[in-house]
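These notes are about the structure you will find just below.
Hydrogens, waters and symmetry mates play no part in the numbers below; they use all other heavy atoms, side chains included.
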Amino acid sequence: MSITGKIGNSIGTIFARGTGLATVGMVAYDAHVMGKLEADTFSQSNESARLVDGAKNRMYMDTPSTVVGKIKDKIFDLQLRTSILMPFEAVLGYFKGVGNTCIEGIVPLGLGLGALLGGKKVSGMSALGIFMYAGYKFITEGFGFTRPDRLNSPFK
């Protein structure tokens, strides 16, 4: 079966599938960018929390001991110089950011997949839904009609 046989011969079907592909691509791009940002934030905040715990551990002892103090200094110095867990936490943060973005963008993602993978009728209806959703977002987000006025809010 050729690609045109899979897509369909009508211009409307090709347009609907292109709209679905563009929508899925935009959601995937947003998810990737947010995943990268979350990877940095997640790994660095966990690393800083670990260093704070290490510094607290270094400063306090149950019983005074010079040997234990020197061991704690060496352990803290090792923690400062190495970040073994940061790459693993960056991967976890990336998937966390991608997942959150896909959950927040479930409507355009679902409509885009419907337009891309559905039959002729489903594809057309999904493409129409994409345009309606895009129009709604353009009016509400673009012009800020649904955004609360944070400057005049009593909860500042």
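- When all heavy atoms are compared, the tightest approach of A115 to A16 is CB-O, 3.5 Å.
- Taking a cutoff of 4.0 Å between a charged side-chain nitrogen and a carboxylate oxygen, D77 and R81 qualify as a salt bridge.
- Here the closest heavy-atom approach between residue F76 and residue L51 is recorded as CE1-O, 3.5 Å.
- When every heavy atom of G105 is checked against every heavy atom of P108, the shortest pair comes out as O-CD, 3.2 Å.
- The main-chain N or O of S123 is never found under 3.5 Å from a side-chain atom of S126 such that the two would form a donor-acceptor pair.
- Proximity of M86 to Q44: side-chain heavy atoms (C-beta onward) are separated by under 4.5 Å at one or more points.
- Between the CG atom of N100 and the CD atom of E38 there is a distance of 6.5 Å, given to the nearest 0.5 Å.
- F15 and L128 fall into different hydrophobic clusters, where Ile, Leu, Val, Met, Phe, Trp and Tyr residues are linked whenever their side-chain heavy atoms come under 4.5 Å apart, directly or through other members.
- Rounding to the nearest 0.5 angstrom, the gap separating the OG1 atom in T101 from the CD atom in E104 is 6.0 Å.
- The hydrophobic cluster containing V24 does not contain I106, counting ILVMFWY residues as joined when their side-chain heavy atoms lie under 4.5 angstrom apart, directly or transitively.
- Looking at every heavy atom in both residues, A90 comes nearest to S43 through N-CB, 3.8 Å.
- Residue L116 comes nearest to R17 through the heavy atom pair O-NH1, 2.8 Å, listed as atom of the first residue, atom of the second, then distance.
- The CG atom of L111 sits 11.5 Å away from atom CZ of F131, with the distance rounded to the nearest 0.5 Å.
- At a threshold of 4.5 Å between side-chain heavy atoms, the hydrophobic network of Ile, Leu, Val, Met, Phe, Trp and Tyr places L117 and V27 in one connected group.
- Atom CD1 in I130 sits 6.0 Å away from atom OG1 in T19 (nearest 0.5 Å).
- Minimum heavy-atom separation, Q79 to E47: O-OE2, 4.2 Å.
- Clustering ILVMFWY residues whenever any of their side-chain heavy atoms sit less than 4.5 angstrom apart, transitively, puts V98 in a cluster other than the one holding L109.
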Inset, instruction - May I have the step-by-step check of side-chain contact (heavy atoms from CB on, under 4.5 Å) for H32 and Y94, ending in yes or no? - result: CA-CA 8 Å; H32 173 66; Y94 178 81; 2.9 Å; yes

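- Interatomic distance, L21 CG to M26 CE, rounded to the nearest 0.5 Å: 9.5 Å.
- Judged by distance alone, with hydrogens and angles left aside, the side-chain atoms of K72 form a donor-acceptor pair with the main-chain N or O of Y60 at under 3.5 Å.
- In the hydrophobic clustering of ILVMFWY residues, with side-chain heavy atoms under 4.5 Å counting as a link, F42 and V91 come out apart.
- Around atom CE of M125, no more than 12 heavy atoms belonging to other residues, nucleotides or ligands sit under 6.0 Å away.
- To the nearest 0.5 Å, the span separating CD1 on I84 from CG on L78 amounts to 7.0 Å.
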